[in-house]
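Here the structure is laid out as structure tokens; the discussion comes afterwards.
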Amino acid sequence: MFVLGCVACCRLGLLDWSLLLLCSIFGTSMKEPSVSPGPTPVPVFLTKLWVLVEDSANCDVIAWNTNGQTFSILDEQRFTKEILPRYFKHSNLSSFIRQLNMYGFRKVMSLENGLVKSESAIEFQHPFFKKGRPELLEHIKRKVNSVKTEDAHLSQDNLQKVINELKVLQDGQSNMDFKLDTMRREN
Amino acid sequence: MFVLGCVACCRLGLLDWSLLLLCSIFGTSMKEPSVSPGPTPVPVFLTKLWVLVEDSANCDVIAWNTNGQTFSILDEQRFTKEILPRYFKHSNLSSFIRQLNMYGFRKVMSLENGLVKSESAIEFQHPFFKKGRPELLEHIKRKVNSVKTEDAHLSQDNLQKVINELKVLQDGQSNMDFKLDTMRREN
Amino acid sequence: MFVLGCVACCRLGLLDWSLLLLCSIFGTSMKEPSVSPGPTPVPVFLTKLWVLVEDSANCDVIAWNTNGQTFSILDEQRFTKEILPRYFKHSNLSSFIRQLNMYGFRKVMSLENGLVKSESAIEFQHPFFKKGRPELLEHIKRKVNSVKTEDAHLSQDNLQKVINELKVLQDGQSNMDFKLDTMRREN
DNA sequence: TCCGTTCTAGAATATTCGCCG
DNA sequence: TCGGCGAATATTCTAGAACGG
């Protein structure tokens, strides 16, 4: 990915540019989910995440790990305060992690991370988020809001009373709507 | 509410004060050791909107109209660029209006606004958003995504809430019926 | 509470001492849940939290708010790195917040906090966590892992239907109110 | 059994964008 | 073109679940 290799060249104003390039590669639109029947659009979050991790200017803060299979947040403070607000509308690490989980990323509990408590990096992984494999991004799926169906029974008595009142109200509203229309015609 | 009338008096530190007042009015839990979840909390958007419109420092940009029944955005440019980013995570007027619609606000097409096209102010209205009536805010309901909500905790409490809402609706319908009759006689 | 008044006197090593004193007051054991039939033991977390907030040595990092009804984490960085490991076995803000929620604390969204610009303080509240009222602590209950029994469940489906109808009605009433206002203006 | 820590998910609101009458 | 809305993603706050002490 020559494009991504260049990302580190400049400091500012680069963000938009690299994102736009990625968009043209992945069929992502910065602004729109896009309705074109073309390639599956990659969500903006994933595109930004890719640029984020790929950008060697951030390598002290967030970067691919040596094997290219995972990435780590090396400096939580700077990542939260410097990187996040440049890409997103917030600077909360928890919001960023919520997005990662929403897209199926899992935290990696490596031995290093587990042993060295206070200084451990935050490491995440996804089977379709690999260094040098941007074409895999389109396979990362956002989890959908599952609709729970749970059945039981409530005190039917009180509920019935409420339902009756509801019907009265509905009738009243229909009536008033009709009156309104009538008056409008009369005017 | 006399207190809210005073809100506009000062410039800074105003937010804390008005917020405390709002909390005490809405039962947003800054006050009492009472244990229950208390009254339904008012969404942040509505609270912000109220302070926004109420703040006389913004009166050149957004303000109540003379009758206190509606409010208008008087200076679209300044509202978008100055006010919005101070309260929200964006500076798009369309996003702001989407929120208004989501909470049931309607654009007012008054004759003045309708006639003078290019210079017309943007005027909005909601039956429970009235100057001097902050206690009505809790009746403004966000429209639901038609997905099932609150599957988990329901009981007699929730049923009671539904009943309370029913009463509010019944009052509203009586009121409207009265207004209709009045108008009919006037015609 | 004379004990708490002394908390601020010294700087270090005081922690254990004040905690022990509180334990003797509240019947809390630092090490064990204690089975004594005496006063309800206050969980260690709550005791530590109280000392944490009360200690004026931490007042730049975490402190009661002016009304004594809520407390705020003023310096997230220092709180995470300096305070947390002194009281708990970790230095993760998210773990601390998880505990707060587990005991029923709720985040306070004040307007000041809501303003986008300022990296606002993190403010929490609990009806039984009040400045100068340590005797209320024993009323704060940890949420239990509820094993859902079918019997305990109430009919969510039917109630949900009623709620949905209610929302439709509310929407309809708002609409009609709007129409009425429009007609009034036109007349 | 209860509490503490961690990782992930649920639920509600917020922001964006396009459709439709 | 305009106002209102559906739908998808984004952000926030809280809860579920697994594990250990």
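The figures here come from the full heavy-atom set of this structure, side chains too, leaving out hydrogens, waters and symmetry mates. Note on naming: letters A, B, ... go to the chains in the order of the sequence lines (proteins, then strands), and numbering restarts at 1 for each one.
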Provide, to the nearest angstrom, the distance between the [atom1] atom belonging to [X] and the [atom2] atom belonging to [N].
X: A/Gln99; N: E/dT12; atom1: CD; atom2: P; result: 10 Å
X: B/Asn101; N: E/dG6; atom1: CG; atom2: P; result: 11 Å
X: B/Asn92; N: D/dG18; atom1: CG; atom2: P; result: 13 Å
X: A/Phe88; N: D/dT16; atom1: CZ; atom2: P; result: 15 Å
X: C/Glu123; N: E/dT14; atom1: CD; atom2: P; result: 12 Å
X: C/Phe45; N: D/dT6; atom1: CZ; atom2: P; result: 13 Å
X: A/Leu100; N: E/dT11; atom1: CG; atom2: C1'; result: 14 Å
X: C/His126; N: E/dT14; atom1: NE2; atom2: P; result: 12 Å

Applying ring pair (Phe, Tyr, Trp, His ring centres under 6.0 Å), can you list everything that pairs with A/Phe71, at least two apart in sequence or on another chain?
A/Phe129
Relative to each other, are the rings of B/Phe45 and B/Phe88 parallel, tilted or perpendicular (30° and 60° limits)?
tilted
Quick one: side-chain contact (heavy atoms from CB on, under 4.5 Å) partners of [X], sequence neighbours excluded?
X: C/Ile97; result: C/Leu93, C/Asn101, C/Phe124
X: C/Ser95; result: C/His90, C/Asn92
X: B/Thr70; result: B/Asn65, B/Asn67, B/Val108, B/Glu123, B/Gln125, C/Arg185

Please state whether the phosphate of E/dA10, meaning OP1 or OP2, lies under 4.0 angstrom from any side-chain nitrogen or oxygen of A/Tyr103.
yes
Is there a side-chain contact between A/Arg106 and the phosphate of D/dT8, meaning an N or O under 4.0 Å from OP1 or OP2?
yes
Please report the closest heavy-atom contact between B/Phe79 and B/Ile62, naming both atoms and the distance.
CE1-CD1, 3.7 Å
So what does C/Phe96 touch, heavy atoms closer than 4.0 Å: a base, only the sugar-phosphate, or nothing?
nothing
Within the 4.0 Å heavy-atom criterion, would you say C/Phe178 contacts the bases, only the backbone, or no part of the nucleic acid?
nothing
5′-ward residue of the pair B/Gly104/C/Met102 relative to DNA chain E
B/Gly104
5' precedence on DNA chain E between A/Ser95 and B/Phe105 (nearest-nucleotide basis):
B/Phe105
Looking at the side chain of [X], which of [options] is the nearest nucleotide?
X: B/Lys107; options: E/dA15, D/dT16, E/dG3; value: E/dG3
X: B/Arg98; options: E/dA10, E/dG6, D/dC3; value: E/dG6
X: B/Met109; options: E/dG3, E/dG4, D/dT5; value: E/dG3
X: B/Phe124; options: D/dT16, E/dG4, E/dT9; value: E/dG4

N/O contacts under 3.5 Å, protein versus nucleotides 19-21 of chain E?
none

Nearest 0.5 Å, what's the NE2-CG distance between C/His126 and C/Leu46?
8.0 Å
Go through the structure and list residues passing salt bridge (charged side-chain N to carboxylate O under 4.0 Å, His left out) with C/Arg78, not counting sequence neighbours.
C/Glu82
Assuming nearest nucleotide by heavy-atom distance, tell me which of B/Lys89 and A/Ile97 is located more 5' along DNA chain D.
A/Ile97
